[in-house]
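The structure under discussion appears below in the form of C-alpha cells.
The structure displayed is predicted, hence computed values, not measured ones. Numbers here simply count residues along the sequence, with the first being 1.
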Amino acid sequence: SRLKHGKRICKNSPTIPEEALQNAILKSLNTMLKSKSTLNEMLKGSLAAILGANRGEMRIGSITNEIAMLNNQIYDMVREEIEKRTEGDVIEKKCAELHDKIKSLKEEIESIRTEKQMADAGSGKLREIYAALDSINTEFTEYDDTVVRRLVSKVRIISQNKVIVTLCGSLDIEQQI
C-alpha cells in the first residue's frame, strides 16, 4: 500500500482527495440501490402470488360451469328416463348422485369465497407493506464508515479520474471522480 511504502513502489499512482473518493463510493452505493424499484416490483409480485390474488375468481368460474353441466345432465337424464318410462327409484338414485356432486361443488365455492374475503382483508395489509417498501429511503446522502465497511469490498484507483468500487464482494461499479 502507498501508506506503508510511499511512492517508491507505486511511482505512478495518483493521489485522490479523500472527499472525492468518498463521493465516488457514495455514487456507487446509490447506483446499486437504483435497482430498488425493480426489486420492489419483484417483491410485490411475489407477495401477491403468495397471497393468491385472483386465483379464486378463476376457480369459481370453473366450478360454476361444472355445476351448469351437471344440472343439464340431470335434466337430460330425467327427460330420457321419462321417455323410457324407467322406474322412479332408478331416476331418484341417479339424480341424488348428481345432486350430491352439485352440493359439494357449491360448498367449494363458498369455501373459496371465504378465502377470498380473508385475502381481501389481507390485501389491506398488503397495501401497507407496499407503502412501507415504497417509503424506504434508498439513497445514501452522507458517507458512513460503518456502512461502507459492510458493503464495500475494495476500491481500485484506475486513474486520477476513475475508480472501480467492488460492492458485496462481486459487484464492480466504475465511477468518475
Side-chain angles (χ1 to χ4, degrees), residues 25-142 144 146-154 164-175:
I25 292 170
L26 280 177
K27 285 180 192 175
S28 296
L29 290 170
N30 287 329
T31 299
M32 177 185 70
L33 293 175
K34 279 184 184 174
S35 64
K36 171 206 172 214
S37 62
T38 304
L39 181 64
N40 270 357
E41 293 309 313
M42 287 172 37
L43 187 56
K44 287 176 183 178
S46 295
L47 286 170
I50 289 169
L51 293 176
N54 296 330
R55 280 188 294 189
E57 289 300 321
M58 292 171 39
R59 181 71 182 129
I60 287 174
S62 170
I63 292 172
T64 303
N65 287 340
E66 193 174 344
I67 290 172
M69 287 175 23
L70 290 172
N71 280 327
N72 285 337
Q73 279 182 341
I74 290 173
Y75 174 76
D76 291 342
M77 184 182 61
V78 168
R79 189 175 43 82
E80 188 178 307
E81 297 300 324
I82 288 174
E83 288 174 2
K84 290 181 180 177
R85 295 193 173 137
T86 307
E87 291 183 29
D89 291 344
V90 174
I91 294 173
E92 282 184 40
K93 184 178 177 187
K94 290 180 180 179
C95 286
E97 289 173 5
L98 292 174
H99 185 284
D100 288 343
K101 282 184 183 179
I102 291 171
K103 184 178 177 185
S104 70
L105 290 172
K106 286 182 178 181
E107 289 170 356
E108 188 176 346
I109 287 175
E110 285 306 310
S111 172
I112 291 170
R113 285 188 175 142
T114 302
E115 287 177 19
K116 187 177 180 325
Q117 287 174 344
M118 290 170 42
D120 288 346
S123 72
K125 282 284 186 197
L126 191 59
R127 281 192 287 278
E128 288 178 33
I129 292 170
Y130 287 174
L133 285 171
D134 290 338
S135 70
I136 294 172
N137 184 14
T138 56
E139 185 173 333
F140 290 100
T141 54
E142 296 179 4
D144 183 349
T146 306
V147 172
V148 170
R149 284 189 184 119
R150 289 185 179 176
L151 297 177
V152 177
S153 301
K154 64 181 166 184
I164 296 178
V165 180
T166 304
L167 302 172
C168 303
S170 62
L171 179 64
D172 288 338
I173 299 177
E174 189 174 302
Q175 285 296 328

Please confirm whether the backbone N or O of Lys27 pairs with a side-chain atom of Thr31, one donor and one acceptor, at under 3.5 Å?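 Yes; at least one donor-acceptor contact below 3.5 Å.
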
What is the minimum heavy-atom distance between [X] and [Y], and which atoms define it?
{"X": "Asn30", "Y": "Phe140", "value": "OD1-N, 2.6 Å"}
{"X": "Ser28", "Y": "Val165", "value": "OG-CG2, 3.3 Å"}
{"X": "Leu167", "Y": "Val152", "value": "CD2-CG2, 3.5 Å"}

Any chance you could lay out the side chain to side chain contact (heavy atoms under 4.5 Å, CB included) test for Asp100 and Glu97, step after step, and finish with the verdict? CA-CA 5 Å; Asp100 288 343; Glu97 289 173 5; 5.7 Å; no

Spatial distance of atom [atom1] ([X]) from atom [atom2] ([Y]) [nearest 0.5 Å]:
{"X": "Leu70", "Y": "Lys101", "atom1": "CG", "atom2": "NZ", "value": "6.5 Å"}
{"X": "Leu26", "Y": "Glu142", "atom1": "CG", "atom2": "CD", "value": "9.0 Å"}
{"X": "Asp144", "Y": "Leu151", "atom1": "CG", "atom2": "CG", "value": "10.0 Å"}
{"X": "Glu66", "Y": "Leu105", "atom1": "CD", "atom2": "CG", "value": "4.5 Å"}

Residues in side-chain hydrogen bond (donor to acceptor under 3.5 Å, both in side chains) contact with Thr166, at least two apart in sequence or another chain: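 If we apply the side-chain hydrogen bond (donor to acceptor under 3.5 Å, both in side chains) test to Thr166, skipping adjacent residues, the hits are Asp172.
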
When you look at Lys103 and Glu107, which way does the side chain to side chain contact (heavy atoms under 4.5 Å, CB included) test go after all the steps? CA-CA 6 Å; Lys103 184 178 177 185; Glu107 289 170 356; 3.7 Å; yes

